[in-house]
Amino acid sequence: MKLTQFVNIWLLFVTTVLAVQPFKKVWENTQYSRVIDVGKSFVKERHDIQVTNIDSEPAIQYLFGLPKHMSPDATLVVAIYATKDGKRALLKPQKIPVQDEDLTYFDLKFPYPIAPGSTFEFILSFMITNQMVPYPEHIPMEKTQVIKLNTYAYPLTSYDTISYSLDIANTKSVTELNLDDLPILFEKVENERSVSFVASDLIEGNTVYDFTFTYPRNLPLTYINYLQRDLWVSHWSNTLQLEEYYELTNHGAKLDKGFSRSKYMTESIANKPHHAITALRIPFDHSKALQYDSIYYVDKVGNVSTSQYYENELIIRPRFPIFGGWNYNFTIGWDYKLDQFVKQQDDEYIITTKILDGIQDSTYDKVNFTIYLPEGAELLDYALPFAVAEPTITNQYSYLDVESGHLKVTFEFENLVDEMKNLSIVIRYKYTTYAMLHKPLHAAFYIFLALMGLYVLKKIDLSIKPNEKSDKIESEEVEIIDKDEKSEN
Amino acid sequence: MAVSFDKEGYLRVDASVLATLRLLVITSIAISLSIAAIGSRLFSVIRFESIIHEFDPWFNFRATKYLVNHTFYKFLNWFDDKTWYPLGRITGGTLYPGLMVTSAVISNLLNKLSLPVDIRNITVMLAPAFSTLTALSTYLFTYEVTSSTKTFKNNKTPALLSAAFIAIVPGYISRSVAGSYDNEAIAITLLMTTFYFWIKSVKLGSIFYASITSLFYFYMVSAWGGYVFITNMIPLHIFVLILMGRFDYKLYTSYCTWYALGTLMSMQIPFVRFSPIKSNDHISSFGVFGLLQLVIFANYFKTILSPKLFNNFMIAFGTIILSLGLIFLIFATKFGWIAPWTGRFYSLWDTNYAKVHIPIIASVSEHQPTPWSSFYFDLNYLIWCFPFGVYLCFNDLSNESIFVIIYSVLGSYFAGVMIRLMLTLAPIVCVCGSLTIGKLIQIYLDIKLYLKEKNEKKEDYNNKENITNLSNLISKLLIILTMIFYLFFYVQHCIWVNSNAYSSPSVVLASKNRDGSAAIIDDFREAYYWLRMNTEEDSKVMAWWDYGYQIGGMADRTTFVDNNTWNNTHIATVGKAMSVNETNSEIVMRKLGVDYVLVIFGGLLGYSGDDLNKFLWMIRISEGIWPEEVNERSFFTDKGEYRIDELATDSMKDSLMYKMSYYKFGEMFQNRDPVDRVRQQRLSSKYANEIHLDILEEVFTSENWLVRIYKLKEEDNFGRSLVEIGDKERSEEGKSKRSKRLQTKKRPNLDLRV
């Protein structure tokens, strides 16, 4: 007991030292080019950074920050660098527990120490959801939606930055709202598909300023509050059955007045890009053959007849156009042949599936990913591309289960975007032949039992009539049959 | 040896083999009948989807879900605060729980068998499943009737035929297609089963069968309000038998057992409670119960008194009893011990009664008197065979045939009064029709007779005989072929009717694209789902009562009135809010606590069942309560026309319903004149664009304008009335428009004249 306490205190001490000490300006950002991609309904950032060690000894640790209000929404924070043989390798920055009012700090460990005076180049990339806000919040139906984005102006490091540029990609026009308040001037350059801001001067470390701008974007901000993704594994029918239940909201601009169908129709809004969701597109994995006749699209009041499956893409039209602030819940499902996903060795199976089949351009807040393994299966191991909490393992009683029910393994993810659809989850489980035969044998046994019961019941005579009479009736019947016979002859 | 050849070379088959063969044939007939019964009810599932139909089934479905998710006792005590706002409804005590309990039991059973079938699918498929049971019980019923007659002794043909008829008869299918999850779906099965056990118990005088009759009677009481049909049929049967002098102890045993047990059990249903001894519907069964006691009493005296004494005694005794009974009846009605004669009761005898006195009953299409054509439509050629079948029953007057005759008479009468009661007529028509066809088959298609003749012929080679035989054969063939043609035609007609008339869920409408391909109009669900997704969970939606159950079931929102129609005043209040002008309507709606208003408008699509066509009923019903504020006459023009264009009356133009229907309707047609496709009237585009709404804001309109949802605007912060604000805005707008028009007029006229 005492030992663990001691270890804990020591660990706390070490981490504090580690955390405080590295704020020394060991690095200098010689080149810092930051690209904010606003083409989707979430923000994608890519920072191309070249750093130089200006300290007297080799350094390996690089710290950077993110605004505190953004960090819960930041996802897939990774750094990429080119190895010597020209390949790209991945680094995973770790959050460090430093108390700071504005920023959350990440600690990036380089693959090797960088000597004083040498440089190192890497790319920092992450996505931030929930940043885009329609501006103004309420607009008329036919007006173009304008998005306001509040981000930070300068690199969030404690190191000085020599040359800095900020690109806002995938938009043509950007209106800055607070450019004049910034201490270091930006030079604005408008390109064909992006707008660049180049810093005119050196930026000292720890210069934290907000940068707010608006740009037109007449597309919905599809936001999925909750996704329940169920995978049913069936070895007997060799199918992997998927069912997804969505709770969706459009975070785009709301209507200033009520919805007018006549305006909606006369302006033919359904046929052009608009901030209302009129259709949702789900591009499926090309490498897997989907059983397209198994696709269904329902909601809580029944089947929705407006869906199309076209060249590996499912296009579903909600019952009504979803304007800003409107919600829509629905369920879709489809089947695959199981053997495309499963590898077998003896009694052990490995199943590899995608964590999402994302709706194009959407953000997922909570994802409940559940895989139902057949009754009698045993979970051995699992692997995920990012760290999540332990899965909950329970049993779900379902069709023709005879004992405990299907093995239900549930993972909970948060804050995903549709671009993470290529990430896979790997699950290793054991499913013996005995377990496989268990169910049909049981079912057969019960049917046998039922038939036997019927037979026994037929044998019981509950009548309170005297026996002779019933005999008489029988003999009568025989007589009739005899008569039939005779007449036939 | 089961099968062998005897010395003469004939095939000899053992009796047991024949019996097995017969069982096999009958089983296979039963199976194919089940398949036919279920199959012909699946049109809507195949064409649309597994969905609950119409209006009432949505309530039953909602109640079933409640039962499945709660306990049975909670269900019986269910107070539903989501309907009849702000009154609420004691739902558990005002419904027939049989249907819901049936599906809940099936659901639980399947769950126990580890087949967790969705409750929706169970409810959708319940009616087809029960229809096969109806076929079975009709078979048993007919067999019970025929087996006691001389003509059909041990002949199963009529019984099998009746099962085949009932399996696909449109009159029954109309209420039992997949998805039509209504009380009638299981009630007809129970009706026939109860009757089967009843005639069986009368035949045997068995307490056992009488108890089973009362058990099924109880099930019937728990399932459908139409149980009073049984409550009156059985006493009437007994009464007629007594009048015919057929009283015996078998009748006494079975009736008293049934009455005592059945009444006690039926009183266990919360909705029925004490009505078996209070309401006029049950008086006949009580009276016959008393009469039976008197008859048995008289029978006793008959044995101990001399005939003359007995006669005198009977006269005195009869007068006393009769006058005592009448006095009791009058006083009991006067003091309210027994229920007064209800409107529904009167409307059964006078078809015009409801129209004059209770518009709410008359406004339901299924309460209208039956048109003649629908007898043929719903029963096809069985309606011709029906009288002949009744005649056959007269030929062979057993107790069971008398039952069939009484049922036929009563059933025919009620089916003539109310279109929905065609349902109760259908089974007996099938039974009588099967008797007719059975008789025909017996005469013209008897193989046994034919074989016998053939045997005899071998010995007799007379030419004359041959000629008569030939003409005999031709006439037989002719009749048989005609009969087969009619049977074939019957099947075809049934399938056609089922497919075209009775298989529309009415929640989803079928239509066609321009290229002829099938399309679905799904506006109702679109709007209901919008309500469900995008309004506050406690919002109150005002709509005409027809849509109450659907809003509750699909939109899951609180409603003011629904298809239960238990409170006429409340319905009239909603009707008033729809039919008065905006200012008055706002007062009503604020008092009610309305958040949203939902109207059905078919003018763009041509859907004739919309609210404007039902508007007159709303006016009539509210006029019944507020004659000085709503007046039906003022909605008709001087010429007595029901107009909705510019020539409509001011009351019509000002009414909220009218405005909600046509608000922004003109915009759709841009500068052309909008046409209402249902009423075939043209509004000028200028007039249509002037239709305005001040107290409501359009929040949703479905794709084909079928459903329009409005939100009651918030009250003005400065206390101005919303109509005033609207008028002011319009006059300002009008000014600016006028000035614009003046500017444009300055343009030179460049018309080219040729």
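Each chain gets a letter, A, B and so on, in the order its sequence line appears, and its residues count up from 1.
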**Study point:** Lys512(B) NZ: over 12 foreign heavy atoms closer than 6.0 Å
**Key:** no

Exercise for review: Could you check if a side-chain atom of Asn303(A) sits within less than 4.5 angstrom of a side-chain atom of Phe48(B), using non-hydrogen atoms only?
Suggested key: no

Check your understanding: Are Val301(A) and Tyr528(B) side-chain neighbours, meaning at least one heavy-atom pair lies under 4.5 Å?
Key -> no

Study note, to complete from the structure: If one checks every heavy atom of Asp556(B) against chain A at 4.5 Å, the contacting part turns out to be neither

Review point. Quick one: what part of Arg120(B) sits under 4.5 Å from any heavy atom of chain A, side chain, backbone, both or neither?
Key: neither

Review point. Side-chain contact, heavy-atom cut-off 4.5 Å: Thr266(A) with Glu667(B)?
Key: no

**Study point:** Nearest-0.5 Å distance that lies between atom NE2 in His442(A) and atom OG in Ser114(B)
**Key:** 10.5 Å

Check your understanding: Rounded to the nearest 0.5 Å, what separation is found between the CZ atom of Arg532(B) and the CG atom of Asn329(A)?
Key -> 8.5 Å

**Study point:** Over 12 foreign heavy atoms within 6.0 Å of OH, Tyr226(A)
**Key:** yes

Study note, to complete from the structure: Ranked by heavy-atom pairs below 4.5 Å to chain A, first place among Asp522(B), Ile520(B), Leu110(B), Ile709(B) goes to Asp522(B)

Revision key, fill the gap. Closest heavy-atom pair, Pro116(B) versus Tyr399(A), reported as atoms and distance to 0.1 Å, is O-OH, 3.1 Å

**Study point:** More than 12 heavy atoms of other groups within 6.0 Å of Arg47(B) CZ
**Key:** yes

Check your understanding: Looking at Phe259(A) and Thr701(B), what are the two nearest heavy atoms and their distance?
Key -> CE2-O, 3.6 Å

Practice item. Hey, could you give me each pair passing salt bridge (charged side-chain N to carboxylate O under 4.0 Å, His left out) that has a residue in residues 257-270 of chain A? Not counting sequence neighbours. Key: Glu142(A)-Lys263(A), Arg261(A)-Glu526(B)

Check your understanding: Taking the inter-plane angle between the rings of Tyr529(B) and Phe320(A) on a 0 to 90° scale, is it parallel (under 30°), tilted (30 to 60°) or perpendicular (over 60°)?
Key -> tilted

Check your understanding: Hey, are the side chains of Trp326(A) and Met533(B) touching, using non-hydrogen atoms and a 4.5 Å cut-off?
Key -> no

**Study point:** Pairwise side-chain contact, Ser262(A) with Trp705(B), heavy-atom cut-off 4.5 Å (strictly under)
**Key:** yes

Exercise for review: Verify the neighbour count for atom CG of Asn671(B): are there more than 12 heavy atoms of other residues, nucleotides or ligands below 6.0 Å?
Suggested key: no

Review point. Is there side-chain contact between Glu49(B) and Tyr296(A), with heavy atoms separated by less than 4.5 Å?
Key: no

Exercise for review: Taking all non-hydrogen atoms of both residues into account, name the closest pair between Asn327(A) and Asn534(B) and its distance.
Suggested key: N-OD1, 2.6 Å

**Study point:** Crowding at CD1, Ile691(B) (>12 non-hydrogen neighbours, <6.0 Å)
**Key:** yes

Practice item. Using a cut-off of under 4.5 Å on heavy-atom pairs, state which of Gln670(B), Met554(B), Met668(B) scores highest against chain A. Key: Met668(B)

Review point. Does atom NZ of Lys366(A) have more than 12 heavy-atom neighbours from other groups under 6.0 Å away?
Key: no

